[in-house]
Asks: 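Right, I'll just put the structure down here and ask away after.
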Protein chains: 2
Amino acid sequence: MHLTAGRLDMRELVKSCKALSDETRLRVLNVLMERDCCVSEVRQALQISQARASRSLSTLYDAGFLRLRRRGLWSLYSIEKENLQEYSVDLIEGVRKALKDDETALLDRHRLEGGKRLGPDQVCKP
Amino acid sequence: MHLTAGRLDMRELVKSCKALSDETRLRVLNVLMERDCCVSEVRQALQISQARASRSLSTLYDAGFLRLRRRGLWSLYSIEKENLQEYSVDLIEGVRKALKDDETALLDRHRLEGGKRLGPDQVCKP
DNA sequence: CAGTTAGATGCATATTTTCGCATCTGTGGA
DNA sequence: TCCACAGATGCGAAAATATGCATCTAACTG
């Protein structure tokens, strides 16, 4: 094991916390905890604009919380598990606990289930 | 055990994450992980203005991360342990891990130790 | 009671962030 | 090759933040 010797972790941490400092992005993370989603699914579940959904996902991605797989026209986002920073595991766990019983979070998750699946699985043939 | 049924946790969580989304405040939290501090000790360790130290502490306090004990002229801040939200435990743990080896954080902790103790313990007789 | 000291806060300013609208990009289908 | 659709992004306006300076408050001291 080489010495990673975190030197500039402060900036990284600020970036991570900033990414979690917005209701929309927390709601996005919340639905992604249920299952992988493409942008339009997030948009539907949260009832927000396309641009807003896309930007929220990008921000979370840039902060290292998400993984992105392109499938044809779709961008399939999921919570990063492999290359997640150690401290990010704790942050995400905190978010999960906090939103477990939150009204908005519950509603978003409900809409995600209820909404008809528009994801790449139905349409895209790799 | 009554049903607390966390309903409005989203706002709380956003507030908590916002509080952690600033380098100064993370540095403050970092030194408080070493030991309880009054405002001027934080100011010295971080080499920042009095107003900035005071405001940073207030913000963290309002977010529920800190405990405050007044001792005469001094305000003694410490990390809240008793009444800390469950999810805040994870958030703080994440911060601790991230800053463990960070250069700035190390320097701040070093200055905290080195700095002559101005705290209430020397001065205040309860 | 007046002076001193630690800390809190109002105000003004500079910076950052959010978000809709419109537009651009890239991929797959006809 | 042209069209349609998912998603990314530039831009500008509005809102939220951070922070220094000066000032105010409260508590101990003499």
Side-chain angles (χ1 to χ4, degrees), chain A residues 11 14-28 32 36-63 66-78 115-126, chain B residues 11 14-28 32 36-63 66-78 115-126:
Chain A
R11 300 285 173 179
V14 171
K15 191 173 184 179
S16 298
C17 291
K18 273 189 199 294
L20 301 179
S21 297
D22 176 80
E23 176 166 335
T24 303
R25 290 191 295 266
L26 287 173
R27 292 172 64 197
V28 169
L32 284 175
D36 306 357
C37 294
C38 63
V39 180
S40 63
E41 285 178 317
V42 169
R43 192 189 67 65
Q44 279 185 27
L46 273 59
Q47 315 247 262
I48 56 180
S49 73
Q50 183 269 325
R52 201 167 165 183
S54 176
R55 277 222 176 76
S56 297
L57 285 160
S58 285
T59 302
L60 288 167
Y61 177 84
D62 290 341
L66 305 186
R67 187 163 79 105
L68 167 56
R69 283 167 292 169
R70 306 222 183 245
R71 289 285 182 281
L73 288 178
W74 286 266
S75 293
L76 193 56
Y77 285 94
S78 52
K116 51 186 179 294
R117 193 80 158 90
L118 291 182
D121 292 352
Q122 268 75 30
V123 190
C124 188
K125 306 106 188 166
Chain B
R11 299 285 174 179
V14 170
K15 192 173 185 179
S16 298
C17 292
K18 273 189 199 294
L20 301 179
S21 299
D22 176 81
E23 176 166 335
T24 304
R25 290 191 295 266
L26 286 173
R27 292 171 64 196
V28 169
L32 285 175
D36 306 358
C37 294
C38 63
V39 180
S40 63
E41 285 177 317
V42 170
R43 192 188 66 66
Q44 279 184 29
L46 273 59
Q47 315 247 262
I48 56 180
S49 72
Q50 182 269 323
R52 200 167 163 184
S54 177
R55 279 219 174 79
S56 297
L57 285 159
S58 285
T59 302
L60 288 168
Y61 178 83
D62 290 342
L66 306 185
R67 187 162 78 105
L68 167 57
R69 283 165 293 169
R70 305 224 183 243
R71 289 285 182 282
L73 287 178
W74 285 268
S75 292
L76 194 55
Y77 286 94
S78 52
K116 51 187 181 292
R117 193 81 158 89
L118 292 182
D121 293 352
Q122 268 76 32
V123 190
C124 188
K125 307 105 187 165

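Letters go in sequence order (proteins before strands), and every chain restarts at 1.
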Asks: Measure from CZ on B:Arg25 to C1' on C:dT16 and round the result to the nearest Å.
Replies: 13 Å
Asks: Would you say the base of C:dG20 and the side-chain of A:Arg55 have a donor-acceptor pair closer than 3.5 Å?
Replies: yes
Asks: May I have the distance from B:Asp62 (atom CG) to D:dA16 (atom P), rounded to whole angstrom?
Replies: 17 Å
Asks: Specify the separation, in whole Å, of atom CZ of A:Arg70 and atom C1' of D:dC5.
Replies: 15 Å
Asks: Classify A:Arg43 by what it touches in the nucleic acid, base, sugar-phosphate, or nothing, heavy-atom distance under 4.0 Å.
Replies: nothing
Asks: Within this structure, what is the CG-to-P distance between B:Asp22 and C:dT16, rounded to whole angstrom?
Replies: 12 Å
Asks: Describe the nucleic acid contact of B:Tyr61 in one word from base, sugar-phosphate, nothing, applying a heavy-atom distance below 4.0 Å.
Replies: nothing
Asks: Side-chain contact test, heavy atoms from C-beta onward, threshold under 4.5 Å: evaluate it for A:Arg52 versus A:Arg43 and give yes or no.
Replies: no
Asks: Report yes if the side chains of A:Arg25 and A:Thr59 come closer than 4.5 Å at any heavy-atom pair, otherwise no.
Replies: yes
Asks: When only distance counts, do a donor and an acceptor, one from the side chain of B:Gln50 and one from the base of C:dA8, lie under 3.5 Å apart?
Replies: yes
Asks: Answer whether the closest heavy-atom distance between the side chains of A:Arg69 and A:Ser75 falls below 4.5 Å.
Replies: no
Asks: For the pair made of CZ in A:Arg69 and C1' in D:dA6, what is the distance, rounded to whole Å?
Replies: 17 Å
Asks: Choosing from D:dG7, D:dA26, C:dC19, which nucleotide comes nearest the side chain of B:Leu73?
Replies: D:dA26
Asks: Just to confirm, is there a sub-4.0 Å distance from OP1 or OP2 of C:dA8 to any side-chain nitrogen or oxygen of B:Ser54?
Replies: yes
Asks: Please examine the side chains of A:Glu41 and A:Val39, heavy atoms only from C-beta on, and report whether any two atoms are closer than 4.5 Å.
Replies: no
Asks: Measure CG/B:Leu57 against C1'/D:dT19 and give the value in whole Å, please.
Replies: 15 Å
Asks: Looking at side-chain heavy atoms only, is the closest gap between B:Ser21 and A:Ser21 below 4.5 Å?
Replies: yes
Asks: Does B:Arg52 place a side-chain N or O at less than 4.0 Å from the phosphate oxygens OP1/OP2 of D:dG20?
Replies: yes
Asks: Which sits closer to the 5' end of DNA chain C, B:Ala53 or A:Lys18, going by the nucleotide each is nearest to?
Replies: B:Ala53
Asks: Looking at C:dA8, I'd like to know if its phosphate oxygens (OP1 or OP2) sit under 4.0 Å from a side-chain N or O belonging to B:Ser75.
Replies: yes
Asks: Indicate whether OP1 or OP2 belonging to C:dG7 is found under 4.0 Å from a side-chain N or O atom of B:Ser40.
Replies: yes
Asks: For the pair made of CD in A:Glu23 and P in D:dA15, what is the distance, rounded to whole Å?
Replies: 18 Å
Asks: With a 4.0 Å cut-off on heavy atoms, is A:Ser49 in touch with a base, just the backbone sugar-phosphate, or nothing at all?
Replies: sugar-phosphate
Asks: Report the distance from atom CH2 of A:Trp74 to atom P of C:dT27, rounded to the nearest whole Å.
Replies: 14 Å
